[in-house]
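A short worksheet on the structure shown next.
Values below: all heavy atoms of this structure, side chains included; hydrogens, waters and symmetry mates excluded.
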Amino acid sequence: MMRGFVPESEVENMRKRFNVNGDCKPGIHYMAKIDEKLKQIKYMVDQGQYFTINRARQYGKTTILHGLERILEKEYIVVSLDFQMFSTEDFKTEKGFVETFTAELLHSDGLCNWILPDVLIRLQEMADQAASGSRLSGLFRCLSKWCGDSPKKIVLLIDEVDNAVEHQVFLDFLSQLRGYYLIREKKPTFHSVVLAGVCDIKNLKNRFVSEHKMNSPWNIAADFDVDLSLSQESIEGMLKEYEKDCHTGMNVQEMSASIYDYTAGYPYLVSRICKLIDEKVAMADGCFHPQAWTKEGFLTAIRMLLSEENPLFESLDNKLVDYPGLKQMLQELLLQGRLIEYIPGDMGIRMAAMFGFVKIRNQNVSVANRIFETRLYNGFLAEQSRNLWAAPFAASEKSQFVEQGRLNMELVIQKFVDYYTDIFSKSDEKFLEEYGRCLFLLFLRPIINGTGNYYIEARTRTNRRTDLIVDCYGQQYIIELKIWRGLEYHKRGEEQLVDYLDSYHADRGYLISFNFNQNKKPGVTKVQVKDKWIIEAVV
């Protein structure tokens, strides 16, 4: 039965939901399969490794940690703590930290049944503030005795360690873990320790440890190389489960490919898009819309996502304010098309990767996914529009660009040439080379706002060439923006665009060349190259 044929209240009780708030629970949420990821992480635990699940915000770390806990409990005693439950006061003093740590440990379900009586008494004294002069050293002596006498190996899992990184007591706690790890053959300790957070704990020394203490307290940690992003196949599996419940008639393979294409498997973005389609697009006006799980509905959800404020976007925006160097690097990468090579040890690149802004592909830096890229473009363009006299004409006359329900891209480009020639033709070459493509996006964006999306094709974004993909009114437009480098280079550009059109199964493309020659002839022409038509503009 289709979802639209049953009352909404009954549907709520019948099936799972897509979740973006907190960790995902298999019994009530649609989830991509993470079994293989958990298997890889468990192998690290089995090897007795200490490590950090260090990933960006909203990347599914807590879901992974809870899933890991469930499978480890069959073989290990698992101590699972969440530093989110600790207050700022708890990190101010060693005594306060020890008291809270032991209290949280003792409140873990069923854990007290595995602790020997004498150790349990001592831990209860620390938790109840009855022990005078509670110290980390005393806590770790108790934990060492417990680990030594325990019938099972003990694994420590701690979530949200970012709440602790600015406190000296946390560094001291890591030092104790490190110290016992180094002498574990003499003094028993945790079999494995897993921390989860955004910050790269290995590099805490760069910010919080004085110059004479150069060793990181967490330099014992193994590298965590498990890919936590969702594959297209795992997204497809999640949508198959949804389709089994809801019978929308979607093409699951095509939809999962589209979601992956825009998100690169970023867990929050995958779930958010699905949730928007399911709860906003499909149920618009209180009625079921079967086209929600088609390309049209998908693109509607993308527009909703890019226009909303959510915790992930707010976090990214805040990082741009807090780290101006990071913002400058991203502006150079996106607006100016500069190639940024990955250099090990570059703190700016490391910071961008840690926050999830970028990935390293073929030793070059690129924005992590199309959603982030478009979101960043929108923000940067909004700033540029305040500094550059943008195109109020495009916004006020946008209706003229729509004919019979389709965007007249040829007219858009013609008007842009007129606008550009009138306003910017006398600008110096450096300004135009740096901002020319930005100006076109500033002109285009208000025209498609609310009806279309755009993204920049990462593999062609350079300081000489950018391919812009526009989806609007159900049609797709391929636009190449390039700097004029002579006729031969221009001909190669035409051939590249034809090849690109083939890959998109399109028969028409658009080529805008920014020409700085004094004797250039601005204008728009239509040429045929092989079996394709190209609308070429020179500005």
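Taking the salt bridge (charged side-chain N to carboxylate O under 4.0 Å, His left out) definition, one finds that Arg406 meets it with nothing, sequence neighbours left out. The ring pair (Phe, Tyr, Trp, His ring centres under 6.0 Å) test applied to Tyr510 returns no partner, not counting sequence neighbours. Annotation: salt bridge (charged side-chain N to carboxylate O under 4.0 Å, His left out) contacts of Lys327 (sequence neighbours excluded): Glu383. Under the rule for a salt bridge (charged side-chain N to carboxylate O under 4.0 Å, His left out), Asp346 has no partner lying at least two apart in sequence or in another chain. Partners of Ala56 by side-chain contact (heavy atoms from CB on, under 4.5 Å), not counting sequence neighbours, listed by chain and number: Tyr59, Tyr266. Residues passing the side-chain contact (heavy atoms from CB on, under 4.5 Å) test with Thr63 are Asp23, Cys24, Met31, Ile34, sequence neighbours excluded. For Thr374, the side-chain contact (heavy atoms from CB on, under 4.5 Å) partners at least two apart in sequence or on another chain are Leu306, Asn378, Tyr454, Tyr455. With sequence neighbours left out, Lys37 forms a salt bridge (charged side-chain N to carboxylate O under 4.0 Å, His left out) with no residue at all. Among residues two or more places apart in sequence or in another chain, the side-chain hydrogen bond (donor to acceptor under 3.5 Å, both in side chains) test is passed with Glu403 by Asn408. Scored by the ring pair (Phe, Tyr, Trp, His ring centres under 6.0 Å) test, Phe224 finds Phe51 as partners (sequence neighbours excluded).
A donor-acceptor distance shorter than 3.5 angstrom exists from the side chain of Glu243 to the backbone of Gly249, with no hydrogens or angles considered. No donor-acceptor pair under 3.5 Å is formed between the side chain of Asp223 and the backbone N or O of Asp225. Side-chain atoms of Lys532 come within 3.5 Å of backbone atoms of Ala506 as a donor-acceptor pair (strictly under, hydrogens ignored). A donor-acceptor contact shorter than 3.5 Å is absent between the side chain of Ser315 and the backbone of Pro311.
With contacts defined as side-chain heavy-atom distances shorter than 4.5 Å, the pair Ile360/Ile349 qualifies. Residues Val498 and Glu494 fail the side-chain proximity criterion, which asks for heavy atoms closer than 4.5 Å. No side-chain heavy atom of Arg445 sits less than 4.5 Å from a side-chain heavy atom of Tyr377. Ile479 places a side-chain heavy atom less than 4.5 Å from the side chain of Phe440. At a threshold of 4.5 Å between non-hydrogen side-chain atoms, the residues Asp162 and Arg57 count as touching. Between Thr263 and Leu230, every side-chain heavy-atom pair lies at or beyond the 4.5 Å cut-off.
Side-chain atoms of Ser513 and Asn515 include no donor-acceptor pair closer than 3.5 Å. Defined by atom type and a distance below 3.5 Å, a donor-acceptor pair is missing between the side-chain atoms of Glu236 and Gln232. A donor-acceptor pair shorter than 3.5 Å cannot be found between the side chains of Asn318 and Glu314. Side-chain atoms of Glu341 and Asn364 include no donor-acceptor pair closer than 3.5 Å. Side-chain contact annotation: Asp245 with Tyr30, donor-acceptor N/O pair under 3.5 Å present.
Atom NZ of Lys295 is surrounded by more than 12 heavy atoms from other residues, nucleotides or ligands within 6.0 Å. By the neighbour-count criterion of 12 heavy atoms within 6.0 Å, atom NZ of Lys521 is sparsely surrounded, having that number or fewer from other residues, nucleotides or ligands. For Glu488, the CD atom is loosely surrounded, since the number of other residues' heavy atoms within 6.0 Å does not exceed 12. Annotation: Lys280, atom NZ; neighbour count of heavy atoms from other residues, nucleotides and ligands within 6.0 Å does not exceed 12. Counted within 6.0 Å of NZ on Lys25, heavy atoms from surrounding residues, nucleotides or ligands total more than 12; the atom is thus considered enclosed.
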Going through the checks in order, is the side-chain contact (heavy atoms from CB on, under 4.5 Å) test met by Glu480 and Tyr500? CA-CA 10 Å; Glu480 182 174 320; Tyr500 204 44; over 6 Å; no
Does the pair Phe443 and Lys415 meet the rule for a side-chain contact (heavy atoms from CB on, under 4.5 Å), with working shown? CA-CA 9 Å; Phe443 186 86; Lys415 294 297 184 181; 3.9 Å; yes
Passes side-chain contact (heavy atoms from CB on, under 4.5 Å), Val358 versus Ile340? Steps please. CA-CA 11 Å; Val358 303; Ile340 297 179; over 6 Å; no
Between Arg370 and Asp261, does the salt bridge (Lys or Arg N to Asp or Glu O under 4.0 Å) criterion hold? Intermediate values first, please. CA-CA 8 Å; Arg370 286 181 181 175; Asp261 202 28; 2.7 Å; yes
What verdict does the ring pair (Phe, Tyr, Trp, His ring centres under 6.0 Å) test give for Phe298 and Tyr262, after you've listed the backbone C-alpha separation in whole Å, the side-chain angles of each residue and the deciding distance to 0.1 Å? CA-CA 11 Å; Phe298 168 76; Tyr262 271 75; 5.3 Å; yes
Cys274/Trp293 under side-chain contact (heavy atoms from CB on, under 4.5 Å): CA gap, chis, key distance, verdict: CA-CA 9 Å; Cys274 291; Trp293 289 95; 4.1 Å; yes
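In this structure, Glu241 pairs ionically with Lys16, as a charged nitrogen and a carboxylate oxygen lie closer than 4.0 Å. Contact check on Glu309 versus Arg375 returns a salt bridge, with a Lys/Arg side-chain nitrogen under 4.0 Å from an Asp/Glu carboxylate oxygen.
Phe18 and Tyr242 have tilted rings, their planes meeting at an angle from 30° to 60° on a 0 to 90° scale. Using bins of under 30°, 30° to 60° and over 60° for the plane-to-plane angle, the ring pair Phe416/Phe514 lands in the perpendicular bin.
Residue pairs meeting the ring pair (Phe, Tyr, Trp, His ring centres under 6.0 Å) criterion with at least one partner in residues 328-361, sequence neighbours excluded, are Tyr323-Phe355.
Val226 and Arg55 make their closest contact through O-NH2, 2.8 Å (heavy atoms, listed as atom of the first residue, atom of the second, distance). Closest approach of Ala264 to Ser229, counting heavy atoms only: O-CB, 3.8 Å.
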Indicate every side-chain donor-acceptor pair of residues 251-260 with a distance under 3.5 Å to a residue at least two apart or in another chain.
| unit_1 | atom_1 | unit_2 | atom_2 | d |
| --- | --- | --- | --- | --- |
| Asn251 | OD1 | Gln253 | N | 3.3 |
| Asn251 | OD1 | Glu254 | N | 3.0 |
| Asn251 | ND2 | Glu254 | OE2 | 3.4 |
| Ser256 | OG | Val252 | O | 3.0 |
| Ser256 | OG | Gln253 | O | 2.9 |
| Ser258 | OG | Glu254 | O | 3.1 |

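Interatomic distance, CG of Leu320 versus CE of Met329, reported as 10.0 Å (0.5 Å rounding). To the nearest 0.5 angstrom, Thr248 atom OG1 is 9.0 Å from Leu239 atom CG. The distance from atom CZ of Arg272 to atom CG of Asn21, rounded to the nearest 0.5 Å, is 8.0 Å.
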